[in-house]
Amino acid sequence: MSTTLCPPGAAGVAAVDRTRPVLTVRLDAVAHNTRLLAGSARRLMAVVKADGFGLGAVDVARTALGNGADALGVATLTEAVELRLAGVDAPLLSWLDAPGADLSDAVLHGVDVAVPSVAHLDAAVAAARRLGRVVHVHLYLDCGAARDGCPPELWPGLCTAARRAEVAGTVRVGGVMGHLACAAGLDVEANAAATVRFVRGVEHAHAAGLRPALRHLGATAAVLGLPAARFDLSRVGAGLVGIDPTGRFPVLRAAAQVTAPVVQVRDVGAGVGVGYDHTYVTTAPTRLALLPLGYADGLPVTASGRAEVLVHGRRRPLAGRVSMDQVVVDVGDLSVRPGDVVTVIGTGDDAAPTLTEWAGWAGTLPHELLTGLGRRLVRRVVPAPPTSRPSALEEHP
Ligand SMILES: *Cc1c(COP(=O)(O)O)cnc(C)c1O
């Protein structure tokens, strides 16, 4: 993977590479999205798990922090430590570590950890004891996904144990968190039930003697369309990179673009089978253009037969199946030459198909496509305009 940084304010963001497929990462879009979302959240946690949804965790983190995010969130302590080693020192929470994990790194690097069970709490206490320090935790309640978080029937016990550890001086409960299962579709009933469950969970924590400063439930969808789920902090990932999980608020800017050069062109007659298994057969004389990227670069095979790309301002269909390293475009009678650049995934600024359209063709989520854009793509990073804004979340000792 090679990365080029465009000079700030570079004209023609999709700076052209006529020989290699390019993933352009738009940190200017991340900056815009962060500002917009921060305007509707009391505090914003930028979720940069999975390498910042595939766009670079450190870049996305720094951009978000410079544009209104107060804190960072990741799934695992490994991801958290990578951010710390890159010099990112904002408040940081990790929420999906195994109960048996050694949480020393959390203590040493000042990372808050989510605690969904007494076993997790014990791991936190053990690390704190070993190092003679206090570990900051957020108790994590399952609010109706039956996935991560503490099952409600075990919650009172967890709160009691956490309070005991707090009194013993090993743990500080800085937050109570939940996560919504049905936020994307803005399912009113399910989200209301989850919110009630969350509020009860916070009440339990209070009854146990805990005073968590940060209550956080909602993610991107909540910031966009569920005011009741916003509480003290919103954990936003998809929205930073321009994905609106609800599909209802066309205010975010896409942060990824994929372009590819044509590497070969051929004119064929009618009745020519294209690619593996000849799943596409030309019906008339036409021109075929070869692009050097495929499913190993993140283009889903399941989009074969439906996907289109933008060639000289026109939508043209892929011909045949997406292969590991290449796809063929039926460009019709367009005059296309090797070295011409095709937009495979666009940002919505022109007629090129967007990530969301690709996801529809592939029967998946834009999240999956974005996190799967391959390491083989050359990366070009468009920086955000320079800003600075100090973080406002709880300070670590
Ligand atoms: C991924 C994740 C988020 C971010 O959700 P988006 O919909 O991407 O904003 C928030 N909280 C938790 C627990 C997550 O796993």
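Whatever order the structure lists them in is the order used to number ligands and atoms, beginning at 1. Please read these numbers as outputs of a predicted model, since none were measured by experiment.
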>> Test of understanding: clusters of I, L, V, M, F, W, Y form through side-chain heavy atoms closer than 4.5 Å, transitively. Do Val262 and Leu299 belong to the same one?
In response: yes
> Do any N or O atoms from the side chain of Arg306 and from the backbone of Trp361 form a donor-acceptor pair under 3.5 angstrom?
Replying inline: yes
> Should Val236 be counted as touching ligand 1, given the test is an N or O pair under 3.5 Å?
Replying inline: no
>> Quick check: Tyr140 and ligand 1, any N/O pair under 3.5 Å apart?
In response: no
>> Heavy atoms only, cut-off 4.0 Å: how does His179 contact ligand 1, side chain, backbone, both, or neither?
In response: side chain
> Is the closest basic N to carboxylate O distance between Asp17 and Arg20 below 4.0 Å?
Replying inline: yes
> Is there any N or O on Arg147 that sits under 3.5 Å from an N or O of ligand 1?
Replying inline: no
> For atom 9 (O) of ligand 1, what's the nearest protein heavy atom and its distance?
Replying inline: Thr220 OG1, 2.5 Å
> Which residue holds the protein heavy atom closest to atom 7 (O) of ligand 1, what is that atom called, and what is the gap in Å?
Replying inline: Ala219 CB, 3.7 Å
> Just by distance, do the side chain of Glu79 and the backbone of Ala50 share a donor-acceptor pair under 3.5 Å?
Replying inline: yes
>> Counting only nitrogen or oxygen atoms and a 3.5 angstrom limit, does Pro245 reach ligand 1?
In response: no
> In Å, rounded to the nearest 0.5 Å, how long is the span from CG of Asp70 to CG of Leu65?
Replying inline: 8.5 Å
>> Angle between ring planes, His216 versus His138, binned at 30° and 60°: parallel, tilted or perpendicular?
In response: perpendicular
